[in-house]
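In what follows, a single structure is set out as structure tokens and then discussed.
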Amino acid sequence: MAKRISADRWLFTITLVLVFVGLVMVFSASAVMAKERFGSEYFFLRRQMGWAAAGLVAMVLAMKFDYRRYKHPAIVFSTLGVTTTMLISVFLLDRAHNTHRWIHWGGFSFQPSELAKPALILFLAFFLENRTRSMDDWRNTIMPAVIPTLAFVGLIVFQPDLGTAIACVAITISVLFVAGLNIRYLGYGLLGSLPVLYLLIFRVAYRRNRILAFLNPYSDPQGRGFHIIQSMIAVATGGVTGVGLMEGKQKLFYLPEPHTDFIFSVLSEELGLVGAIIIVALFAIFLWRGMRAALRSQDMFGRLLAVGITCMVVVQALINISVVLGLLPTKGIPLPFISYGGSSLFVTLACVGVLLNITKHAD
Amino acid sequence: MTPNQSRNSKTSRVSYVAVILLLWCAAICARLVYLQIFSYGTFALKARHQQQRTEAVSAQRGVIYDRAGHELAMSVSVDSVFAIPSEIHDLPVTTALLARITKADPRELFSRCNASPNFCWIARKGDAGIADRVRALHLRGVYFQKEPKRFYPKGELGAQVLGYVGMDDAGLGGIEHQYDEKLHGVDGRVIVSVDARRRWFGSVEKQPSPGENVVLTIDEKVQYIAEHELDAAMRETHAETGTIVVENPHTGEILALANRPTFNPNLSREVAPQSLKNHAVSDVYEPGSTFKLVTIAAALEEKLTRPDEVFDCQMGSIVINGMRIRDHKAYGLLPVTKILANSSDVGAIKIALRLGEDRFYKYIRAFGFGQPTGIELPGETRGLAKPVSRWSKVSIGAIAMGQEIGITPIQLAGLVSTIANDGVWVAPRIVAATTEPQTTPRTVVFHPAAERRVLSTMTAAEVKQMMQDVVLEGTGRKAILEGYSSAGKTGTAQKVDPATRAYSRTKYVASFAGFAPINNPAITVAVILDSPAGLHQGGQVSAPVFQRVSQQVLEYLHVAHDVDLPQNRQVLMTRRETKQDDLAENSPDHLGASLEVAEDASPTPVAAPVNLAHQTAGATMGSDLPGLGVTPASLRQSTAAPGPILQPSSSLPSPPTHAALASDGGATVVLDAGGGGILVPSFIGKSLRQAIETAEGSGLDLEAAGNGLAQGQQPPPGSHVPAGSKVMVHFGR
């Protein structure tokens, strides 16, 4: 079997393009606000560029590093352990705004929940590689695979960060599904999670408001419907060709978080339907190349890893875009590669490096 | 399950995931197309609605000047304070702080801010101090915006003439309303883009163009005199309303137009509606006896009678077409002159009957009754002058004595001015010109408006003479001026009680309209007091006001004296011996009184020569410059005051007034080197105005009491006092 020496050029190029678009859009979306809050238009751009550089270095390093060498209990479980520790430690360290998402260290801050996703993927790929024939084994396969997921999800939910938790669940389901899990069990799992979801959503005022706002944003256009309406206004005013880069108006305090969760609104407004569809298409191609890598992977570990990483990137992107377009209720999920946010960018790029390494070894 | 099957199954599962996610991508693309193409219009509209604001940029409102270029109304830019309550963290505390500064009710302010989270005015067009104090607090969510505020530097002066403006800078009365379009200018427009916090980052679309300035014919000083005397009259007579019109009879320029009650246009929000009314142009009242001027002037012009023709006044009773009309007093045989002087109703009716309805009506119209004068003020009414076809059989008698006809004070001034102006009716005017916005001061030329000859010069002269007799011998004796001849006519009209629709026995309109001096009159003054309490005869109530206003205005305008005091006194003394009317009996003989005081003061070595000098100066001036009209005021200002300077088109010779002023002021300021103090000058015989000038010139502090001319003072003239001492001066008539 002839081994490919080079990594997948599509994935590599798309990643670079998306990171570049991200830098441009972060600057466009944040310049006015950065100038006002921090006195420099380049405040967010500078930081994002630093993280992008670090992330790209990590990506290249991961690309060179044989993914099969992760297949070691010491690595897998220490990753799980470190992540768990960090997820717990945020509750002790950070009490800002009643949320516990960040670890601050020196001038940097890091979101452990970003690390949870790859840790989970690594664990599932490692654990399920040799159990694909016993996927019906409730006690020895399903429960051990699901428990760490539930533990992570639980910790993240209580940060609280329901969006990331749901992304983790989606990733886990994808990996389990590809590993051969009977669809029946997925159904049971969904049924079982409904009461939990109900409690998490309808018992917490702001989440309930988000759902209500999603269902009928115009019932309270100045209140809970404000963000969704403003986001849709931004997207729609883009029209076909957009109002032009840097020319968007909705980022001027109409949109919440224009440089992070709602960066796709800014992008759609400024670059129009053309720009927005190109971005969606880039993620679709990323999906295609990622899944292709999974299919061509030599071993189950590589396949599950590739599926997990691809799904992690694409599912997050689709959730984020759907929220922006008013297709899903508001959640705090960044748009991979593009949204401002160092931990997300760094971790995502590193993961893409792993994915690229998998493509290297595919047939 | 074989490995191969398993592999296939796994392969298909990967594809399932990919397909599901691709379908999701497709859904997103569909949504993008829906939003960005099909909903583009509606959302773009929403975006524009919230991102753009068309803000009107107020044009600088024009200035209203008096004839000498004094600003009567001007706009200043002030800071208005507004809040965006949604940006304020602690609304109750912030609003409490703001309420303390703006002196608002804190609870009201809080609920107002709470109700509108995006925008809420805190203080609009308030004092500069408010904005500064709010600014000093550096409150979050509190902002400032420059807005033009109308400012009336003279307060209540000419309030009904000027009008006022509302919060939105729209003229709501008087000249402000009438010339709103010109004064306002053209607002600019800014399409501003605003961010979610309402901050602007837009650019000017259209520059505002400032409004034109309006120059009035009003003379600030004359207006002040009229208002001051009207105030005094209102206090004395307790009249419900009062009006004074001062007009230049030759040009129709209104020099003053005073109304009471009045208001302060700076505080227009607190204005009571009744004080906004400009009675001079919008009140229609039955003139009563002043209208006999029309009757008699018409008959003279038509050569149907002569001033000396004697009518039988039938001891105060006449029957016209079966209806008996009673005179206010029983007169026997009276010449026409006396009919006017004594205001005999029967005499006037007999003259009107000789005139006939059609000719009478022709003159009523010719004198401008029943039609608007066209003065540049809003709300002018034309009065009520029924055409002959609607007259009843007794109408001619009623109208002859000023009933069954409604006129406005400005029309009355027009009637008297026509006679003063040798028979030519000139439309009254209050706006001299409008000038280009924000131009440097310049002289504007006033062109009299419509003119028409109503009476021949001859007739006018005859009526003038008769009107002088009214003052000298008739009902208008309280209108005698000091140093000036004067003429006029009294009027006392019963008001129609709206409840009974009959003539009231308690409510009268007391009027006096006259002019001075007789030859080449400088001013026409009409005084109308509505429903005075107690005395209500025009000759008792309104004539003194005419006297006080005319005396001061003529002196202010430096009109040459045409009567010297001894002669005047003689006339008066002889009248006193022969008078039969008890009217003059009650009135203090002010001229005599002031002369007596003057004689008392004459031993004072300083004061006497001063008075003499003053009189001689006046006399010489009079002979040199018989035609001295209204100009001196404006000419005198021309060196000092900014703003447009008004000159009548009938230009007059250069002012002689500096000399007069200098001699007056210079002579009274006498410093006594030996006494080590100030030699107190004599104030006796001076008007309040002159007394103030004298006191200021001497470095003394004047404390005035009473009205009219100075009659006594403490310390007496000639004594020595330290500089800045108080001098009590008692004024009286």
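Reckoned from all heavy atoms, side chains included, excluding hydrogens, waters and symmetry mates. Predicted model only: the values in this text are computed from it and were never measured.
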Would you tabulate the side-chain donor-acceptor contacts of residues 20-32 of chain B under 3.5 Å, counting partners in other chains and residues two or more places apart, or write 'none'?
{"from": "W24(B)", "atom 1": "NE1", "to": "S322(A)", "atom 2": "OG", "distance (Å)": "2.8"}
{"from": "R31(B)", "atom 1": "NE", "to": "L325(A)", "atom 2": "O", "distance (Å)": "2.7"}
{"from": "R31(B)", "atom 1": "NH2", "to": "L325(A)", "atom 2": "O", "distance (Å)": "2.8"}

Interface moiety of Q250(A) toward chain B, non-hydrogen atoms closer than 4.5 Å: both

Take a 6.0 Å sphere around CH2 of W288(A) and say whether it holds more than 12 heavy atoms from other residues, nucleotides or ligands. yes

Please classify the contact of L273(A) with chain B as side chain, backbone, both or neither, using a heavy-atom distance under 4.5 Å. both

Closer than 3.5 angstrom, by distance alone: can the side chain of Q36(B) be matched with the main-chain N or O of T241(A) as a donor-acceptor pair? no

So which of S174(A), S268(A), G290(A) has the largest heavy-atom pair count under 4.5 angstrom toward chain B? S268(A)

Are more than 12 heavy atoms, taken from residues, nucleotides or ligands other than K182(B), located less than 6.0 Å from that residue's NZ atom? no

What one should report as the nearest heavy-atom pair of V17(B) and M291(A) is CG1-CE, 3.4 Å

Donor-acceptor pair, side chain of R303(A) and main chain of V14(B), under 3.5 angstrom: no

Calculate, to the nearest 0.5 Å, the distance between atoms CD1 and CZ belonging to I183(A) and R13(B) respectively. 5.5 Å

Hey, which residues of residues 231-238 of chain A are touching chain B, say heavy atoms under 4.5 Å apart? M232(A), I233(A), V235(A), A236(A), T237(A), G238(A)

Among L181(A), I229(A), V240(A), V32(A), residue most engaged with chain B (heavy-atom pairs, under 4.5 Å): L181(A)

Can you establish whether the number of heavy atoms outside E108(B) located under 6.0 Å from its atom CD is more than 12? yes

Around R107(B), counting heavy atoms of other residues, nucleotides and ligands shown, do more than 12 lie under 6.0 Å from its CZ? no

Could you look at I319(A) and say if it's the side chain, the backbone, both or neither that has a heavy atom under 4.5 Å from chain B? both

